[in-house]
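One-based numbering along the sequence shown. Order of listing sets the numbers, starting from 1, for every ligand and every atom in it.
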Amino acid sequence: MTQPVTLTLNAGSSSLKFSLYDITGAPVQLAIGNVENIGRQPRLKASLGDGVPRVERELSPSEASDHPSTLKTVLTLLREHFPKAHAAVVGHRVVHGGPRFSEPMAVTDEVMAELRTLSPFAPIHQPHNLAGIEAARAAFPDALQVACFDTAFHRHHPKANDVFALPREYYDKGIRRYGFHGLSYEYVSGELKRIAPLLHAGRVVVAHLGNGASMCGILDGRSVASTMGFTALDGLPMGTRCGQVDPGVIFYMVQQEGRTIDEVRDIFYNKSGLLGLSGISNDMRVLESAGVPEANEAVDYFVFRIRRELGGLAAALGGLDALVFCGGIGENSRKIRRRICDGMDWIGIELDHDRNDSGAQVISTDFSRARIMVIATNEEIVIARAAKRLLSEQAGAGA
Ligand code: AMP
C-alpha cells in the first residue's frame, strides 16, 4: 500500500530546502532537510524521522551541480527511507506572486509564464524558486505542483500601504509595496487564533527576525502594514541586506563612485545589514558573543530599527494587543527580545524577564496591557496544508 505524501520545496540561489509530509489526514511531518552550496561544495543536512540518525554529509559536485541534480539526490534519499511514499502533490515556496496571486495556485504553463514575468521584481529569489518548480515538474510529471507565495498574505492590505509616492503609472506597472514572509505570518497568525482567539481578533505585530527579517501589523488576522516593500530588501536590517536606506544613496554610489548597478545590488543584498555594519558576521550568535564595538553597533542598529517599526506598526493598527516573536533570532535570542521590549511600557508591553529567560511561550508580565509571545514559525506546514487542500479540490472537481 502507498502512503500519500506531499513534498515541499524552497529553492534558493544555491540551496534547496525540502520537507515531506504524510497527508493521509492533517499533514504530519516525516522529514525535513536542506542542501546548501549547490554547485560549489554541496552539503546535505536532513532529519528523516523518529529513530533515524540525523544525516549530515558533503555531497559530491555531481550529486548537486544544479537544482535538478540536487532534487534527484534528495529524492533518492527520501525514497530509501520512505519506500511507500507517493507524492501526488509538490508544494513550492515562491517569493513573488505579483499583484494577482493572493492564494496558493496550481501551477500550469500559464501560471509559470506569469511567474516568470515577475522575476525582475525578485531577481535574487524568483528565478531559483521557478527552477525548483521546473525540476519538480520533470521529476514528478503526473503530480500536482502548487505554488505558495510570500506576498499573498499582504495582498489585501490597504491601498495606502500598497503605494509608493511615485508617478501613478508606476503603480499600474506593478511597482507596489508587496510585503514578504507571508507564509510565516500566516502560520503565526493561525497559531495565535488557535491559542488565543481574542488576541488574534485584535491588533497584533509579528516580528519575524531571522537572517531575513521583517515585521507585520495584523488586524483580525489580516495584514495591514509590513516593513518590507517592493522587494525583500526594505525595512529592518537583516543578515546581509541593508533594510531601509534613502534611495539617494544609490544615485551617489552610481554617479559619484562610478559603481555599476550590479555592484550596488550586491552591496545592498549581500554585503550590508549585520554583516556590513559589523564587518564580522551576519550571524547574530557570533555578534552577541563578539564583544567588540563594531558588533555591538550592528546589534544596536538592529534593535533600534525594530523598536522604531514597532511604534510605526502600532500606529498603523491603532494600538497593540500582542507582540509575537518568531524566526531564528526572535525564537532563540532572549537578549534581543529583552532589548527590544525593555523601556517600551509606553506602548503597553512589559516583559517578564524570568519568563523570557525560561523559554516560555508567553513572556509578558501578568500586568502587561499587551501580551508578548514567542511562536516558533513553520512555513513548510503552511505549504503542505495548501498543497493538500488544492489536491483535494482538484480531486473533488474531477469526481
Ligand atoms: P533563520 O534565518 O530564521 O534561520 O535565523 C537565523 C538567525 O538566527 C541567525 O542570525 C542566527 O544567529 C540566529 N540565531 C539562531 N539561534 C540563536 C540564538 N540562540 N541566539 C541568537 N541568535 C540566534
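Between the side chains of S226 and Y185, no donor N or O sits under 3.5 Å from an acceptor N or O. Counting only N and O atoms by type, the side chains of E36 and S15 include no donor and acceptor under 3.5 Å apart. Between the side chains of R54 and S47, at least one donor-acceptor pair of N or O atoms lies under 3.5 Å.
With respect to D262 and R265, a salt bridge is recorded, a charged nitrogen being found less than 4.0 Å from a carboxylate O. Salt bridge annotation for D283-R285: present, with a cationic side-chain nitrogen under 4.0 angstrom from a carboxylate oxygen.
Using a 4.5 Å cut-off on side-chain heavy atoms (C-beta onward), M284 and I336 make contact.
For the pair M284 and ligand 1, the shortest N or O to N or O distance falls below 3.5 Å. Considering both main-chain and side-chain atoms, H208 never comes within under 3.5 Å of ligand 1 through any nitrogen or oxygen pair.
Contacts of E288 with ligand 1, taken as heavy-atom pairs under 4.0 Å, involve the side chain alone.
In terms of protein heavy atoms, atom 11 (C) of ligand 1 is closest to D283 OD1, 3.6 Å. Protein heavy atom at the shortest distance from atom 3 (O) of ligand 1 is G328 N, 2.8 Å. Among protein heavy atoms, atom 7 (C) of ligand 1 sits closest to I329 CG1, 3.8 Å. With hydrogens left out, the protein atom closest to atom 20 (N) of ligand 1 is R285 CG, 3.7 Å, a heavy atom. Regarding atom 6 (C) of ligand 1, its nearest protein heavy-atom neighbour is N211 N, 3.7 Å.
Using a 4.0 Å cut-off to heavy atoms of G210, the atoms of ligand 1 that qualify are 1 (P), 2 (O), 3 (O), 5 (O).
In this pair, F230 and H96 present their aromatic rings perpendicular. The plane angle is above 60°, beyond the 30 to 60° band.
For atom 16 (N) of ligand 1, the choice among T377, I336, L287, N332 with the nearest heavy atom turns out to be N332.
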